[in-house]
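Note sheet for the following structure.
No experiment lies behind these values; they were computed from the predicted model shown. Letters A, B, ... are given to chains in the order of the sequence lines, protein chains preceding strands, and every chain is numbered from 1.
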Number of protein chains: 2
Amino acid sequence: MRPTVHDIAAAAGVSLATVDRVLNQRAGVRSVTREKVEQAIERIGYVRDVAAANLAKSRVYPFIFILPAGDNSFMRGLEAQVRAAIARSPVERTSISIVSVPAFNAEALVAALDEAQAAAPAGVAVVAIDSPDVIAAVNRLRAARIPVVTLVSDLPGSQRDHFAGVDNVAAGRTAGSLMGRFLGGQSGSVAVLAGSMLVRDHRERLDGFRAVMDQDFPGHALQPVLEGQDDPAQVERLIDDLLTSQEGIAGIYSLGAGNRGLIAALKKRAGKAHICVIAHELTPHTRAALNDGLIDAVLNQDAGHEVRSAIRVLKAKADGVAVFGAQERIRIDIFLKDNLPFEQDAAADTPLDRGSNQEPAQGEED
Amino acid sequence: MRPTVHDIAAAAGVSLATVDRVLNQRAGVRSVTREKVEQAIERIGYVRDVAAANLAKSRVYPFIFILPAGDNSFMRGLEAQVRAAIARSPVERTSISIVSVPAFNAEALVAALDEAQAAAPAGVAVVAIDSPDVIAAVNRLRAARIPVVTLVSDLPGSQRDHFAGVDNVAAGRTAGSLMGRFLGGQSGSVAVLAGSMLVRDHRERLDGFRAVMDQDFPGHALQPVLEGQDDPAQVERLIDDLLTSQEGIAGIYSLGAGNRGLIAALKKRAGKAHICVIAHELTPHTRAALNDGLIDAVLNQDAGHEVRSAIRVLKAKADGVAVFGAQERIRIDIFLKDNLPFEQDAAADTPLDRGSNQEPAQGEED
DNA sequence: ATTTTTTTGATTTACGTACATCAAATTTTC
DNA sequence: GAAAATTTGATGTACGTAAATCAAAAAAAT
């Protein structure tokens, strides 16, 4: 049987009240006694029963999620996942609020972070913008002992507790490797379409992509990076211009959002030589394009994973408990048209497999 | 505030004892009363606090994992993950025992299943072999109201509650698609190496692979399937023979285990034209081969995921609770040498990221 | 209408932890 | 060595649920 607080008391030769004082770092314990108790804890291998503790405390975790606004399928999917988590709140003892800020706007993000700090939540998850002001705002939160998890886009150099997102350099490298191999002997240059170099994840993907292309596939020159602000309309114009002004584009790597515009532009040149297209994030649009052969591969990060992971980590940090790393890695999914998961509404992420003996649920995670 | 049993009692106008009788399906309640209570539960939206319930019951879940024995890196990794779960037992209220059976031996598996049934556990996880006897044994377990989850290899046609593993047809299709595209214009035939056609996962991978190759890349003929019994020595002999007797092998798809033998055989022909190799499961051997360029892509299923998922599902089934499908999908990881996660001992799957502000853990899941 | 059986209510204890209160013991201070 | 301050112990309540007991009420059987 698992040792309890009573066992600590017996082992340390002190009363339950003293054990409680040590465990919950309350005042009024001599350091000699404290040590005696701590050694007993170590010796008998006591681990706090978190379920019982939460029950006794009737603890709830107020969390704040700061997400970029705008017409971006991935971000809207992410928000839907947060809303799904809100629906689970009673069971998970969370109380989550969503704060929406304009995309690619560091100032607004700083304001939102400061406001979040004022609300004194048990944790904050934020889709970060890489800027010194934002780093400072995150560090202020940490100084106020509020755990911070970056979501999707990281903020190195800050004191954020954890990053719930993919390794974007590896994602870019993978894209480069697939691009090079899919192009095979074909000649031609490769275009890169990003959202903004302001966000870390886009910069990192570009770095990884460039590194592999330069080293392993030097035959394919890279065009200057296009920045479409993750905006479909803008992206469509950029790609239209590119494809009319430039000859010999063999591949396009779309490392940001706004793929609706990219797909629209690609559709206009139906019949011409195939361009190898690799994009990010599986949305209804990229899925359809993958099926139609307009896009060759989609690299995806599972927004549901990221949200659930962020919540688990924030809880753990709030409780001062170790995070189980193996469970929190967010992976890069590579989708070809041959391994697409069954279509499923991300928001309507309802429990499947509830009856007995159903087929395995398709299109999900862990 | 979340409604409690007291709220049910008040809402239904009955006593706490009656509510308890209904909730825990005890006898001695008239059907009229039972319905009154059930309606009240529905009406006020009561959800049982599982943590509190488990605390009150001091519930433990005795589970049995039936795994194939043998010198197979993936299966040994799987076993290591089960052992890691055993280490977490006190916290997770599980009590897991491992039963080892000879690989590809349906009779032994049936015996193990029957023995498991005699032990009356709260659930059984099994790496299935596709045979009518095994199906019958699994159905016996289910008839005895013991939840069964198939692990890695499924058993359709049986009444297993859930499959914790990947969509192997999709995996095979993906392998086919990658093989076809990586080969590009190159000519030559493609060999397929399996473990045994007795296990479902191998058959399904073959089906998927064949479908894509036949349809999308008819230029590459498939060689007859080689069965290596997942045994490195046997595999090495098979591949040695193949490569000396056959000319013009452009690709090899290894859909089972025993890749050590494959890699050894490949090493012997260093200097000759590159053969495109796609294999399954990331082990120290395949990882090294990927880095060396001997293997072009590795499709992987995360054993840690599968084990943790199986446990979550078994618990849910034991409690008669709905499974959260989105969290239980096991994904197919595609590894190129460009997106290999940092090396990590699968067994020593210790919590990372335990201090504050560490880099995100690499090489993991959910 | 009485007895028997079944159903319902009232109450208590337990799970492991948190938290509060008050008394007793110990240490520190003067 | 006495007073003051600090530390420790003893005890009780709470969290939401499970489970048991016994009495009371209601229903069914005679």
Looking at [N], I'd like to know if its phosphate oxygens (OP1 or OP2) sit under 4.0 Å from a side-chain N or O belonging to [X].
| X | N | answer |
| --- | --- | --- |
| S15(B) | dG9(C) | yes |
| R48(B) | dA18(D) | yes |
| T18(A) | dG9(D) | yes |
| R26(B) | dA19(D) | yes |

Original post:
Looking at side-chain heavy atoms only, is the closest gap between S309(B) and V313(B) below 4.5 Å?
Top reply: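 Yes, their side chains come closer than 4.5 Å.
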Expressed in angstrom and rounded to an integer, what is the separation of [X] atom [atom1] from [N] atom [atom2]?
| X | N | atom1 | atom2 | value |
| --- | --- | --- | --- | --- |
| D7(A) | dC15(C) | CG | P | 12 Å |
| D49(B) | dG16(C) | CG | P | 16 Å |
| H6(A) | dG12(D) | NE2 | P | 13 Å |
| Y46(B) | dG16(D) | OH | P | 10 Å |

Would you mind telling me which of [options] lies closest to the side-chain atoms of [X]?
| X | options | value |
| --- | --- | --- |
| L55(B) | dT17(C), dA10(C), dG16(D) | dG16(D) |
| N24(A) | dA18(C), dA10(D), dC15(D) | dA18(C) |
| K57(A) | dT7(C), dG9(D), dC19(C) | dC19(C) |

**OP:** Using side chain to side chain donor-acceptor pair (under 3.5 Å) as the criterion, point out the one residue from N24(B), D319(B), T4(B) that pairs with R48(B).
**Re:**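 Result for side chain to side chain donor-acceptor pair (under 3.5 Å) with R48(B): N24(B).
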Subject >> Aromatic Y61(B) / basic R59(B) pairing, under 6.0 angstrom, 45° off normal >> reply: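 Positive - R59(B) is close enough to the ring of Y61(B) and near enough to its axis.
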Original post:
Which comes earlier along DNA chain D counting from the 5' end, the contact point of A56(A) or that of V29(A), where each point is its nearest nucleotide?
Top reply: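 Final value for this comparison: V29(A).
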**OP:** Using the closest heavy atom to pick a nucleotide of DNA chain D for each, name whichever of R30(A) or A52(A) lands nearer the 5' end.
**Re:**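 So the residue in question is R30(A).
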Subject >> Side-chain donor or acceptor of T150(A) paired with backbone N/O of V126(A) under 3.5 Å >> reply: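 The answer is no, because no donor-acceptor pair under 3.5 Å joins these two groups.
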Original post:
Any sub-3.5 Å donor-acceptor pair from K315(A)'s side-chain atoms to E92(A)'s backbone N or O?
Top reply: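 Present.
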**OP:** Could you check whether A53(A) gets within reach of a base, just the sugar-phosphate, or nothing at all, counting any heavy atom under 4.0 Å?
**Re:**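 Sugar-phosphate contact only.
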**OP:** Would you classify D20(A) as touching base, sugar-phosphate or nothing, given that sugar-phosphate means primed atoms plus P, OP1 and OP2, and contacts are heavy atoms under 4.0 Å?
**Re:**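 If one applies the 4.0 Å heavy-atom cut-off, D20(A) turns out to touch a base.
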Subject >> 5' precedence on DNA chain C between L16(A) and R21(B) (nearest-nucleotide basis) >> reply: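 Result: R21(B).
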